[in-house]
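See below for the structure under consideration.
Just so it is clear: chains get the letters A, B, ... in the order the sequence lines come, proteins before strands, and each one is counted from 1. None of these values were measured; they are calculated from a predicted model.
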There are 2 protein chains.
Amino acid sequence: MINRRQWLQSAAGSAALLGLAGCASTPFATTPAISTGTGDLGVVVERATGKLAIVNTSQPRVLAEVEGLGDLSHASVVFSRDAASAFVFGRDGALSRVDLLQRRITGRVMQAGNSIGGAISQDGRLVAAQNYQPGGIKVFDARTLELVADLPAIGADGKASRVVGLADLPGHRFIYALFDAGEIWIADLSQPGVPKLTKFRDIGKQPYDALVTPNGRHYIAGLFGEDGLALIDLWDEQPRARRILAGYGRGQAPLPVFKMPHLRGWAVAGRHAYLPAIGRHEVLVVDTETWAEVDRIPVAGQPVFAMARPDGRQVWVNFAVPDYSRVQVIDTPSRRVVRTLEPGEAVLHMEFTPRGEAVWISSRDANRVSVIATDGFQTLAQLPLEAPSGIFFTSRAARVGL
Amino acid sequence: MINRRQWLQSAAGSAALLGLAGCASTPFATTPAISTGTGDLGVVVERATGKLAIVNTSQPRVLAEVEGLGDLSHASVVFSRDAASAFVFGRDGALSRVDLLQRRITGRVMQAGNSIGGAISQDGRLVAAQNYQPGGIKVFDARTLELVADLPAIGADGKASRVVGLADLPGHRFIYALFDAGEIWIADLSQPGVPKLTKFRDIGKQPYDALVTPNGRHYIAGLFGEDGLALIDLWDEQPRARRILAGYGRGQAPLPVFKMPHLRGWAVAGRHAYLPAIGRHEVLVVDTETWAEVDRIPVAGQPVFAMARPDGRQVWVNFAVPDYSRVQVIDTPSRRVVRTLEPGEAVLHMEFTPRGEAVWISSRDANRVSVIATDGFQTLAQLPLEAPSGIFFTSRAARVGL
């Protein structure tokens, strides 16, 4: 039996063993594990320099940096089904595939003039990018990056629309919102050569972002052009878009809005969703069975991301300027802020480890990522990185709608 | 752009590309991915021959078989945090670690005389085994398989108890039930040399299995010695065990019980749990907010596993002898059986792919595993394996309580 000190020391020494070759294996003998799995890997976007840092969350540490990814402002990432590759959607319209084990770019296409994110199909075979310029979405074979479908988004008004809020649905389907046309579309690519479109018209003015709930049931789009949100229950036999939360805030915001909340980060914990209010220093609590607001929690600034720890026990919130150096933690059973942290200037993103024991937080202007324990709130590590923004872990590969 | 036929052909040919070495990488050129991630791997227990089949769920296919694992009847598996290793708990008391990429045993300890499963800590550093003989649990370092803690389970009656229902909790904690003593214990191994035990006495007679809900909040133990179940809300400030579902069935079962349901498989979909009734041809629907029964769904036999597709839209059910060659699918919004399948004799286990597009079903006496699409129910593949039982995919590494 070993004591705690020996245990910690042996764990610290384990990194040195990675990469050692072939120990003989005999029954009942124990040899160190030497394979490299991809379940505890991830990436951090270094937006100013067009680099992607490959990280390990078990240690935690930076394994490598991959350069040459172009304009990574507002970049987002999805992962291959085997969790070995990251697909990076750059603002400049580039779709790049980065191999996490080889630590290099294994594919790259300039697929649009101005892009704002993407998604990967349930079976991992199709990758879709949503575009501002020229609008619409493009769908690629995840293995070859060959174009499988080019789907312009021409609204009922006959004009090309920018696309936002792209997410995967079960089957070979993607759902997305047309900002200019005020529509929501579902593209079914079961037969890639013959894409089938389902269109929801008049869903509200200027949907600016959207999300699918963790169970894949509800699609919710925020509306820039009016108060409230558009909701579709995808499990309905005849799905239709309806308006919810008419008092959500956009139309009557008493404060100037410094940064629009990111909807993709909306937290669903148990039967409640925790939504960043627009322009107000509040997080809204919404009942996902009735879609009525049931509470408002005062927070330290205009919330940008509200993200649930994987077990839903906590929701972590970051803020727009001038409060963007703070992070607050909401305890969901009591709906109270239980902790305020200041991990470094300009907090842009947060990502929980797969089972939630820690959260990684990027502080752009402090040039670091902080790794913080979610139970005791102690800082476990600080990783120096250049202007870090988005953080994405491979456990996303097994989740719907991310 | 490619058509569907080309797309399918290129996908079918992709297997041949795996393992090819170093294609040169240049920006804007696309080379095939050659790294092997572990996100789409898994194992199937071949109980009669003491073998573990390593499988890939993207293809789907059997990659290799690993021999020499001893008595694998009722064996269960958890995965390392990097998803590269499987920890196998054998009925003969052996704990084996199998490397999925090297396809061999990298560690093995005989840790007890008779064992019935195990768990891995939230951070992946501790592996715990629960034992019938000599009772209690043993905790090991996941990397070295060194013994970290040996915790006998001596109940209030002063006697050693068999342990069942072991599961991980946040932090370095494990929860488990004492069959003979009628107690539930939590072991906190934050300081492995000084384990801290929390004991719940008089929780009910003969807890025979238990589960943690997917959010880690509730621990529920089935009772063999009386009707009903024991429930602990782990989020309470002062958690306590209470009795629920007094009419659950054990005490007044009108039918002989051919096989006790496996609680670990209980399905939580939205706010409802779907529980296999004991001895009755029914699945019970329970409200997880009130823990009251709200419905009963008639099914084709005595249910053993009731498992929710990852999105909760379906619950799949298998049965005890003599109905053990059938599988039924419940549509959760309507609570109706929408499909009955007969994938092969003696269905022992089911496992969903990470995002739920397919389910793998083991048919012991048909010597095969069937891979079935969960939307259209077509059989996608049949894999010949010897007397297959438990199926476990690496996506479990990122989940609580599995």
Side-chain angles (χ1 to χ4, degrees), chain A residues 1-4 7 10-11 14 25 27-28 30-33 35-40 58 68 80-85 99 101-102 104-108 122-125 141 143-148 170-171 191-193 215-216 235 271 311-313 333 354-355 357 375 394-395 397-398 400, chain B residues 1-4 7 10-11 14 25 27-28 30-33 35-40 58 68 80-85 99 101-102 104-108 122-125 141 143-148 170-171 191-193 215-216 235 271 311-313 333 354-355 357 375 394-395 397-398 400:
Chain A
M1 198 167 325
I2 56 173
N3 64 28
R4 176 172 170 77
W7 183 62
S10 70
S14 70
S25 165
F28 302 92
T30 297
T31 53
S35 286
T36 302
T38 52
D40 57 355
S58 293
S80 62
R81 198 174 184 287
D82 68 352
S85 292
D99 189 302
L101 296 172
Q102 298 179 58
R104 66 181 182 93
I105 297 171
T106 57
R108 184 165 159 87
Q122 186 181 31
D123 68 355
R125 292 179 61 184
D141 182 304
R143 191 180 61 81
T144 63
L145 296 193
E146 264 191 278
L147 185 67
V148 168
Q191 299 192 43
N215 62 359
W235 290 10
R271 71 183 268 185
D311 65 356
R313 178 66 197 263
R355 286 160 75 185
E357 71 277 10
D375 54 355
T394 55
S395 49
V400 171
Chain B
M1 197 166 323
I2 56 174
N3 64 28
R4 176 172 169 77
W7 183 61
S10 70
S14 69
S25 165
F28 301 92
T30 296
T31 53
S35 286
T36 302
T38 53
D40 57 356
S58 294
S80 62
R81 197 173 184 287
D82 68 351
S85 292
D99 190 302
L101 295 172
Q102 298 179 58
R104 65 181 183 94
I105 298 171
T106 57
R108 183 165 159 88
Q122 187 181 33
D123 67 356
R125 291 179 62 183
D141 182 304
R143 192 180 60 81
T144 63
L145 295 193
E146 265 192 278
L147 185 67
V148 168
Q191 300 192 41
N215 62 359
W235 290 9
R271 70 183 269 184
D311 65 356
R313 177 65 196 265
R355 285 160 76 184
E357 72 277 10
D375 54 355
T394 55
S395 49
V400 172

* Asked: Measuring from B:Glu357:CD to A:Arg125:CZ, what's the distance to the nearest 0.5 Å?
  -> 11.0 Å
* Where A:Asp311 and B:Asn215 come nearest, the two heavy atoms and their spacing -> CB-O, 3.1 Å
* To do: Work out which heavy atom in A:Ala398 is nearest to a heavy atom in B:Ser395; give both atom names and the distance.
  => CB-CB, 4.2 Å
* Atom CG of B:Asp40 and atom OG1 of A:Thr38: how far apart are they, to the nearest 0.5 Å? -> 8.0 Å
* To do: Determine the minimum heavy-atom distance between B:Pro333 and A:Trp235, stating which atoms define it.
  => CG-CE3, 3.6 Å
* To do: Could you tell me which portion of B:Thr394 (side chain, backbone, both or neither) has an atom closer than 4.5 angstrom to a non-hydrogen atom of chain A?
  => neither
* Using non-hydrogen atoms and a 4.5 Å limit, figure out which bit of B:Arg81 sits close to chain A: side chain, backbone, both or neither. => both
* Structure fact -> Shortest non-hydrogen pair, A:Arg355 vs B:Ala397, comes out as CD-O, 3.0 Å
* Top residue by heavy-atom pair count (under 4.5 Å) with chain A, among B:Ser58, B:Ser80, B:Pro170? -> B:Ser58
